[in-house]
Amino acid sequence: MNKLRRAVFTISTNQKLPWVQLLFETLQKHDHNCDIILGLVDRQSDCPYPDNCTILPVEDIGLPNQTHFLFRYNPFNLCTAVKPYYFNHLFEKGYENVIYLDSDIALFESLDQYFRLLEAEIDFVMTPHFLEPPTQRDQPNEISILQHGTFNLGFIGIHRSTTSRPLVTWWAKMLEFNCVTMIEQGAFADQKFIDLIPSFTSRYAIIRDPGANYAYWNMSRRVVTVADGKFLVNDKPLIFCHFSGFDLKQPTELSAYGSKIRPQNDAGLNALVAWYAENLTRLGAHTYVAPSYGFGQFASGTCIPEKLREIFRQSINDSSLNPFEDSLLENGSRTLEPQSPPVVGQTLSAYDMREHLLFALKELETRTHHAQSLLTENEALKSKLAGYEQQ
């Protein structure tokens, strides 16, 4: 174990291993005093896994009702749902200060300053999407960020403490069934829940450095330049860049999501994007073919439909049932009953609706009774007052 009890981890399927390799190369270049961990949310295979890291399969972190957890989410949502479980697992292994990074991030400076914050007993270190109000032309805008979350969870650092552990456990509980993208219902994977952290604890730090988590959502306000072979953002060192939405088929763009707001004559940004594309190509990302997703099929080999995962997520299920091996679930003949209380995205069953209506009626009856009592008392007081006035 690292003597400073520091760890950095990412979470990925086999699909993104060249991206993970580049992240770890940049991490090893700048940070030598932390252990590097790949949270593998997939079956291990003969893929070219990165060197000098520990591979921690998702099946080894103690998910609650593991086969059900792995079945109810698609790869994207599963990779985000297990994030707090990885934090808790690493804390239990003795790490005191842990930083998570998305696999499509590259580092250009050390993370030491963030580790030092955690070692000063700051429990949560986070980076916001915006550092100032956006302009009318900016995309995403305020409403979009409010829908997706104030903080970008491509990066988050957590210190193990008696304050943070219950909050990480709460976060994990929220994601057990609710790690979905349903903007209209206030859910966006793992991210929206962390908006509540500043309400739950004062032991947090918000990083306001423009060089931290540079990405397409803040590129209109942050100018990239190159000086002495180093990338700067608003004249400050670029710490890490989040290449969210980067597509090697469009290697001149930082992100497919932000291509419409990119200045065409931006030499610094052009150099940054070219650097990333060249290094991914060096690592064979353009020709890499990953094996099929390990949790994507029933035991028979039949692909699991996305809709079935969603229905299963919203349903009460026998904990002894292995959904990957259930032929009745596979052929659609198994009856799935909605959970109560409902999870995000679930329509209430008739029974649940009845229970909610009964509760509402009881509360209304209580309020009516209180109102009648107040009216009676009011009339009694008026009567007494009238008696005094007649004297």
Side-chain angles (χ1 to χ4, degrees), residues 2 4 6-12 16-39 49-54 79 83 86-87 90 95 97-119 125-129 131 151-158 205-219 222 224-246 248 254-255 268-269 271-283 285:
N2 186 271
L4 295 179
R6 296 176 173 183
V8 176
F9 77 101
T10 194
I11 297 172
S12 179
K16 302 292 289 185
L17 292 183
W19 285 256
V20 173
Q21 177 68 52
L22 182 52
L23 166 63
F24 286 174
E25 283 186 3
T26 61
L27 180 60
Q28 290 164 346
K29 179 180 179 180
H30 298 288
D31 286 278
H32 306 290
N33 291 317
C34 65
D35 291 338
I36 301 174
I37 296 158
L38 167 58
Y49 293 107
D51 298 327
N52 302 320
C53 75
T54 299
C79 283
K83 197 180 296 179
Y86 269 99
F87 270 106
L90 293 172
Y95 291 101
N97 303 291
V98 180
I99 288 176
Y100 167 82
L101 296 171
D102 269 358
S103 60
D104 53 3
I105 282 176
L107 275 71
F108 298 87
E109 298 287 344
S110 172
L111 297 174
D112 185 67
Q113 59 184 305
Y114 309 132
F115 274 118
R116 282 189 275 109
L117 282 173
L118 297 172
E119 288 158 1
V125 177
M126 303 170 290
T127 54
H129 285 97
L131 294 178
F151 306 104
N152 178 260
L153 289 198
F155 165 94
I156 184 170
I158 305 180
I206 297 174
I207 305 303
R208 299 191 52 80
D209 185 343
N213 217 348
Y214 174 79
Y216 77 87
W217 52 79
N218 54 43
M219 63 191 293
R222 304 187 191 186
V224 178
T225 54
V226 183
D228 298 325
K230 288 194 172 186
F231 291 106
L232 306 176
V233 179
N234 292 359
D235 296 324
K236 294 186 176 182
L238 171 60
I239 309 299
F240 63 95
C241 180
H242 194 164
F243 292 89
S244 177
F246 180 83
L248 261 178
L254 176 65
S255 170
L269 184 53
L272 178 62
V273 172
W275 176 92
Y276 195 61
E278 289 168 5
N279 278 280
L280 283 179
T281 301
R282 171 178 60 82
L283 294 171

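No experiment lies behind these values; they were computed from the predicted model shown.
- Ile37 is not listed as a side-chain neighbour of Val8, based on a closest heavy-atom distance of 4.5 Å or more.
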*How far apart are the C-alpha atoms of Val125 and Leu118, what are their side-chain angles, what is the distance that settles it, and do they pass the side-chain contact (heavy atoms from CB on, under 4.5 Å) test?*
CA-CA 7 Å; Val125 177; Leu118 297 172; 3.5 Å; yes

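- By the 4.0 Å N-to-carboxylate-O rule, Asp209 lies too far from Arg222 to be salt-bridged with it.
- Counting all heavy atoms, side chain and backbone alike, Val20 lies closest to Ser103 at CG2-CB, 3.7 Å.
- Heavy atoms only, all atoms of each residue included: Ala7 and Tyr95 are closest at CB-CD2, 3.6 Å.
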*Please assess Tyr49 against Asp51 for the test side-chain hydrogen bond (donor to acceptor under 3.5 Å, both in side chains), listing each intermediate value before the final yes or no.*
CA-CA 7 Å; Tyr49 293 107; Asp51 298 327; over 6 Å; no

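- A 4.5 Å side-chain heavy-atom check between Asp112 and Arg6 finds at least one atom pair inside the cut-off.
- Side-chain atoms of Ile99 and Ile158, non-hydrogen and from C-beta on, never get closer than 4.5 Å to each other.
- Contact check for Leu269 versus Tyr214: side-chain heavy atoms found under the 4.5 Å cut-off.
- One finds the CG atom of Leu17 at 13.0 Å from the CG atom of Leu22 (value rounded to the nearest 0.5 Å).
- Considering every non-hydrogen atom in both Ala205 and Leu117, the closest pair reads CB-CD1, 4.2 Å.
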*Between Leu232 and Val224, does a side-chain contact (heavy atoms from CB on, under 4.5 Å) hold up when you go through it step by step?*
CA-CA 6 Å; Leu232 306 176; Val224 178; over 6 Å; no

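- Ion pairing of Glu109 with Lys236 is absent here, as no side-chain N (NZ or NE/NH1/NH2) approaches a carboxylate O to less than 4.0 Å.
- Ring centroids of Phe240 and Phe155 are separated by less than 6.0 Å, placing the two rings close together.
- Atom NZ in Lys230 sits 11.5 Å away from atom CZ in Phe108 (nearest 0.5 Å).
- Separation of atoms CG (Asp31) and OG (Ser110) is listed at 3.5 Å; rounding is to 0.5 Å.
- Closest non-hydrogen pair, Trp19 versus Leu280, comes out as NE1-CD1, 3.5 Å.
- Ring-plane geometry between Phe231 and Trp275 is classed as perpendicular, the angle between the planes exceeding 60 degrees on a 0 to 90 degree scale with a lower cut at 30.
- Between Phe246 and Tyr216, the ring center distance fails the sub-6.0 Å criterion.
- Of all the heavy atoms in Asn97 and Glu119, the pair that sits closest is ND2-CG, 3.3 Å.
- The OG1 atom of Thr54 sits 9.5 Å away from atom CG of Leu90, with the distance rounded to the nearest 0.5 Å.
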*Could you walk me through whether Val98 and Phe9 pass the side-chain contact (heavy atoms from CB on, under 4.5 Å) test, one step at a time?*
CA-CA 8 Å; Val98 180; Phe9 77 101; 3.6 Å; yes

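- Checked by atom type and distance alone, the side chain of Arg208 pairs as donor or acceptor with a backbone atom of Leu131 at under 3.5 Å.
- With rounding to the nearest 0.5 Å, the separation of OG in Ser244 from CG in Leu254 is 8.5 Å.
- Side-chain atoms of Tyr114 and Ile239, non-hydrogen and from C-beta on, do get closer than 4.5 Å to each other.
- For the pair Val233 and Pro210, the tightest heavy-atom approach, listed with the atom from each and the gap, is CG1-O, 3.4 Å.
- Asn52 places none of its side-chain heavy atoms less than 4.5 Å from the side chain of Phe24.
- At least one side-chain heavy atom of Thr10 sits under 4.5 Å from a side-chain heavy atom of Leu38.
- Using a 4.5 Å heavy-atom threshold, the side chains of Leu238 and Leu272 count as touching.
- Among Thr127, Asn218, Asn213, the one residue that satisfies the side-chain hydrogen bond (donor to acceptor under 3.5 Å, both in side chains) test with Asn152 is Asn213.
- Under the 3.5 Å distance criterion, the side-chain polar atoms of Thr26 are left unmatched by any main-chain donor or acceptor of Ala106.
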*Residues Leu111, Leu101; criterion side-chain contact (heavy atoms from CB on, under 4.5 Å); working and verdict*: CA-CA 11 Å; Leu111 297 174; Leu101 296 171; 4.0 Å; yes

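- Atom CD1 of Ile36 sits about 10.5 Å away from atom CD of Glu25, to the nearest 0.5 Å.
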